[in-house]
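Below, chain A is the first sequence line, B the second, and so on; all start at residue 1.
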2 protein chains.
Amino acid sequence: MNSNNVTIYDVAREAGVSMATVSRVVNGNPNVKPTTRKKVQDAIDRLGYRPNAVARGLASKKTTTVGVIVPDISNIFFADLARGIEDVATMYKYNIILGNSDANRDKEIHLLNTLLGKQVDGIIFMGGRLHEDLVEEFKRSPVPIVLAATLNQGYDLPAVNIDYEQAAYDATEMLIGHGHKQVGFITGPLEQQINGEKKFAGYRRALEDAGLPFQENDVILGNYTYASGLEAMQKMLERDDCPKAIFAGTDEMALGVIHAIQDAGFSVPNDFEVVGHDNTRLATMIRPKLTTVVQPMYDIGAVAMRLLTKILNAEEVEEKNVVLPHRIERRDSLRND
Amino acid sequence: MNSNNVTIYDVAREAGVSMATVSRVVNGNPNVKPTTRKKVQDAIDRLGYRPNAVARGLASKKTTTVGVIVPDISNIFFADLARGIEDVATMYKYNIILGNSDANRDKEIHLLNTLLGKQVDGIIFMGGRLHEDLVEEFKRSPVPIVLAATLNQGYDLPAVNIDYEQAAYDATEMLIGHGHKQVGFITGPLEQQINGEKKFAGYRRALEDAGLPFQENDVILGNYTYASGLEAMQKMLERDDCPKAIFAGTDEMALGVIHAIQDAGFSVPNDFEVVGHDNTRLATMIRPKLTTVVQPMYDIGAVAMRLLTKILNAEEVEEKNVVLPHRIERRDSLRND
DNA sequence: TTTCCAATTGGAAACGTTTTATATGGCGTG
DNA sequence: CACGCCATATAAAACGTTTCCAATTGGAAA
């Protein structure tokens with residue numbers, strides 16, 4: 001009855017075979033005569049045998065478990081990514097051990113070591129910035145590591161991303177195309193490469209290509225949250241020459257931006273136009289609905305996990321640095337052309 | 001250098017002691033002479049030894065890993081819960097294996113068995129409804145299971161919840177207190193006990209206590225999402241006798257409700273008043289800001305995990321069925337009194 | 001000194017699998 | 001009818017810990 005503590009040995013005895021044979025049946029090894037297989041299967045059912053994955057892991061050195069490190073699972077953004085990872089993991093019979101790092105270096109390193117101690121078969125890592133010490137640890141990891149929505153900063157690590165620079169360029173260009181001579185940019189900390197070297201660079205390139213001047217105070221840094229977006233825009237609105245077009249680094253900040261504008265008595269998109277980034281579910285939960293850069297978090301997670309399975313199975317991997325396509329989803333926070 | 005594949009035996013040889021002693025040092029067993037401890041510790045550092053948790057799990061029958069089953073981690077609601085669980089788990093040196101069930105019975109059962117196969121020390125389960133088969137499996141589980149934000153439906157399982165009936169009562173009563181003779185109720189499927197037997201019951205009791213009639217068509221069922229809230233309210237608005245006060249079963253639905261009202265040209269809270277449920281971060285990301293019932297998901301997760309650790313350590317547990325306090329957070333979707 | 005007890009250490013079994021090398025059986029072939 | 005081979009099955013050795021029990025050590029008391 002209680003399926004607990006019945007071992008492969010019990011099954012072997014019950015079925016009148018050796019444990020090796022039971023092992024083969026359980027693992028779908030073809031070298032078993034059908035009648036034997038049935039006999040064993042019956043014994044398994046009768047006893048309610050459930051293989052002990054820990055023992056299996058010890059003997060085979062494979063745990064069919066992968067570690068997932070994200071900054072904060074309660075952030076819709078990472079949660080979406082995690083779901084993509086988990087779905088593909090399930091598809092390939094893996095389970096995931098999830099850990100939150102708060103993008104903190106020490107936690108990241110500690111988590112990594114815990115996961116390696118647990119003998120995960122691989123790791124998917126997401127973080128704002130790759131600290132050197134972390135990369136050192138990565139390098140000596142006995143299992144493969146894949147970065148998701150995290151730039152590999154020149155290190156030779158498999159990674160799945162979109163082209164953030166181009167995406168920011170496209171968003172800025174779209175705003176400029178609506179006649180704006182000035183575009184505000186509200187994003188996260190610039191020391192995170194994704195903001196500093198990519199989005200920011202794309203923003204500047206777009207200005208430059210349009211022959212527009214770059215103005216230091218058109219850029220405000222927040223911390224990705226709604227509140228920081230709201231605050232940043234409020235600050236921006238105090239200026240006499242406040243830009244009437246805003247590109248926000250995340251949707252959540254974009255919501256804050258829109259509300260700050262509306263709270264000040266202006267209209268989006270009539271007085272101000274706003275473009276967000278990520279296309280989280282939030283984008284449609286606001287009026288006007290948000291035009292935003294689509295960063296397919298679910299897909300990034302799914303592709304990252306698929307990439308990891310390929311590496312684990314020693315399948316051929318054509319390109320370790322995957323760049324997924326992006327696009328801009330047009331909604332009502334932008335005027336019609 | 002490579003901390004991989006160096007075993008306790010290597011450390012023992014390096015330190016000139018037996019593996020039993022190394023094991024004691026690693027596990028902080030006090031019965032080791034300080035000088036010996038140091039010798040061993042040095043050897044560990046020199047070799048970069050990292051204990052193999054799988055072997056440890058096999059020998060000790062403890063994996064310091066707990067399983068977490070949620071319907072969908074990409075839902076902000078469950079993500080918050082998961083974060084609470086993970087934080088407390090980390091505090092007690094546990095890791096979590098996370099699985100998504102989509103509230104699907106077969107997936108739930110499959111997931112449960114996978115987790116048990118992996119020898120988790122305990123499980124935290126969240127789901128809309130406890131199917132009989134699932135409960136059967138729960139009963140024969142060799143490890144403790146704690147329900148989080150999930151009613152135990154009369155089964156004797158440890159659980160952490162709030163008083164949903166009273167919360168719904170309070171919300172409805174508050175709306176009635178604002179002079180409404182009619183209150184709309186938009187929630188999830190009634191077959192989920194939390195909606196059908198709790199929130200719905202609280203709603204009806206509040207009407208009854210106020211001497212107001214219950215009207216079938218004041219209740220509309222959705223599926224928790226923004227879109228379903230929007231749609232439900234649009235339907236409601238078609239009626240001539242549409243209620244001017246709405247209690248929505250989740251914040252996300254409440255946002256949909258508010259937007260439906262605004263899209264129809266009405267004002268919240270002047271024409272309609274709305275109360276949500278959960279107090280997710282969404283509640284402040286809308287104008288007007290949402291008045292909502294606070295269901296502390298993070299806390300529920302944290303308390304559930306803490307409860308599980310108590311059970312695992314055989315600590316005394318005074319009450320296995322924990323009911324956390326709730327309250328209503330007043331914001332602008334309600335008129336001032 | 002001896003004796004004895006407590007503190008410390010070591011040896012080896014156990015945990016439940018996988019896996020390798022080896023044995024067995026049946027059957028077609030010459 | 002004997003031989004060799006392929007398909008199956010078995011036995012036993014890993015895998016890297018923990019833990020029980022026994023052995024040793026050290027020092028205080030006698």
Side-chain angles (χ1 to χ4, degrees), chain A residues 2-41 43-44 47-65 114 116-121 142-143, chain B residues 2-41 43-44 47-65 114 116-121 142-143:
Chain A
N2 190 327
S3 57
N4 193 30
N5 65 27
V6 13
T7 76
I8 200 172
Y9 184 76
D10 300 323
V11 176
R13 183 153 30 76
E14 175 83 10
V17 300
S18 75
M19 39 190 276
T21 301
V22 177
S23 176
R24 283 194 206 90
V25 170
V26 169
N27 292 294
N29 184 313
N31 295 337
V32 183
K33 196 158 49 168
T35 64
T36 312
R37 181 182 302 281
K38 169 126 184 30
K39 210 165 51 177
V40 172
Q41 193 58 57
I44 287 176
L47 267 42
Y49 168 69
R50 174 194 294 136
N52 180 325
V54 172
R56 188 182 279 200
L58 182 59
S60 69
K61 294 173 170 295
K62 301 248 162 294
T63 55
T64 62
T65 301
T114 307
L116 292 178
K118 295 230 167 167
Q119 313 299 117
V120 294
D121 292 340
V143 301
Chain B
N2 189 325
S3 57
N4 195 30
N5 65 27
V6 12
T7 75
I8 201 172
Y9 185 75
D10 299 323
V11 176
R13 184 152 29 76
E14 176 83 8
V17 299
S18 74
M19 38 190 278
T21 301
V22 176
S23 175
R24 286 193 199 92
V25 171
V26 169
N27 292 294
N29 185 313
N31 296 335
V32 183
K33 199 159 47 167
T35 64
T36 311
R37 181 183 303 281
K38 169 126 184 29
K39 211 166 49 178
V40 172
Q41 193 58 57
I44 287 176
L47 267 41
Y49 167 70
R50 175 193 294 137
N52 180 324
V54 172
R56 188 182 279 200
L58 182 59
S60 70
K61 295 174 169 293
K62 301 247 163 296
T63 54
T64 61
T65 302
T114 306
L116 292 177
K118 296 230 167 169
Q119 313 299 118
V120 294
D121 293 340
V143 300

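Contact detail for B:Thr7 and B:Tyr49: the closest heavy-atom pair is C-CE1, 3.6 Å. The shortest heavy-atom contact between B:Val54 and A:Gly57 is CG1-C, 3.9 Å. Here the shortest heavy-atom pairing between B:Pro51 and B:Val26 reads CG-CG1, 3.8 Å.
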Between the protein and nucleotides 18-21 of chain D, list the N/O to N/O atom pairs that are separated by less than 3.5 angstrom.
{"residue": "D:dT18", "atom": "OP1", "partner": "B:Asn27", "partner atom": "OD1", "Å": "3.3"}
{"residue": "D:dT18", "atom": "OP1", "partner": "B:Asn27", "partner atom": "ND2", "Å": "2.9"}
{"residue": "D:dT18", "atom": "OP1", "partner": "B:Arg56", "partner atom": "NE", "Å": "3.1"}
{"residue": "D:dT18", "atom": "OP2", "partner": "B:Ser23", "partner atom": "OG", "Å": "2.4"}
{"residue": "D:dT18", "atom": "OP2", "partner": "B:Asn27", "partner atom": "ND2", "Å": "3.3"}

For nucleotides 24-27 of chain D, give me every protein contact, N/O to N/O, under 3.5 Å, one pair per line with atom names.
none

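For B:Lys39, the side chain to side chain donor-acceptor pair (under 3.5 Å) test picks out no residue, with sequence neighbours left out. The side chain to side chain contact (heavy atoms under 4.5 Å, CB included) test applied to A:Lys62 returns A:Ser60, A:Asp121, not counting sequence neighbours. B:Asn27 meets the side chain to side chain contact (heavy atoms under 4.5 Å, CB included) test with B:Ser23, B:Arg56; sequence neighbours excluded. Residues that satisfy the side chain to side chain contact (heavy atoms under 4.5 Å, CB included) test with A:Ala15, not counting sequence neighbours, are A:Val17, A:Val40, A:Ala43. Evaluation of the side chain to side chain contact (heavy atoms under 4.5 Å, CB included) rule for B:Ala59 yields no partner, not counting sequence neighbours. Under the side chain to side chain donor-acceptor pair (under 3.5 Å) criterion, A:Thr114 pairs with no residue, sequence neighbours left out.
Atom CG of A:Asn52 and atom P of C:dC15 are 12 Å apart (whole Å). Rounding to whole angstrom units, OH of residue B:Tyr9 and P of D:dG16 are separated by 13 Å. The interatomic distance linking B:Leu47 (CG) with D:dG16 (P) rounds to 14 Å, in whole Å. Here the P atom of nucleotide D:dG16 and the NZ atom of B:Lys62 are 23 Å apart, to the nearest Å. If you take CG of A:Asn29 and P of C:dT17, they are 17 Å apart, rounded to a whole angstrom. Look at CD1 on A:Ile44: it is 10 Å from P on C:dT17, rounded to the nearest Å. Note: CG (B:Asp10) to P (D:dG16) measures 9 Å, nearest angstrom. Atom CG of A:Asn31 and atom P of C:dT20 are 13 Å apart (whole Å).
Considering only side-chain N and O atoms, A:Ser18 lies under 4.0 angstrom from the phosphate OP1 or OP2 of D:dT10.
Defining each end axis of the helix from C:dT1-D:dA30 to C:dG30-D:dC1 as the rotation carrying four pairs' C1' atoms onto the next four, with five pairs an end, the two axes are found to diverge by 50° to 10 degrees.
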For residues 31-38 of chain B, dump all side-chain donor-acceptor pairs below 3.5 Å to protein atoms at least two apart in sequence or in another chain.
{"residue": "B:Arg37", "atom": "NH2", "partner": "B:Asn29", "partner atom": "O", "Å": "3.0"}
{"residue": "B:Lys38", "atom": "NZ", "partner": "B:Asp42", "partner atom": "OD1", "Å": "3.3"}
{"residue": "B:Lys38", "atom": "NZ", "partner": "B:Asp42", "partner atom": "OD2", "Å": "2.8"}

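Residue contacts shown for B:Thr21 are limited to sugar-phosphate atoms, with no base heavy atom under 4.0 Å away. Note on B:Val17: only backbone sugar-phosphate atoms sit closer than 4.0 angstrom, heavy atoms only; bases stay farther off.
Listed by first and then second residue, the salt bridge (charged side-chain N to carboxylate O under 4.0 Å, His left out) pairs involving residues 8-27 of chain B are B:Asp10-B:Arg13, B:Glu14-B:Arg46 (not counting sequence neighbours).
Map B:Leu58 and B:Gly16 each onto its nearest nucleotide of DNA chain C; the residue landing nearer the 5' end is B:Gly16.
No hydrogens or angles considered: nothing links the side chains of A:Lys118 and A:Thr65 as a donor-acceptor pair under 3.5 Å.
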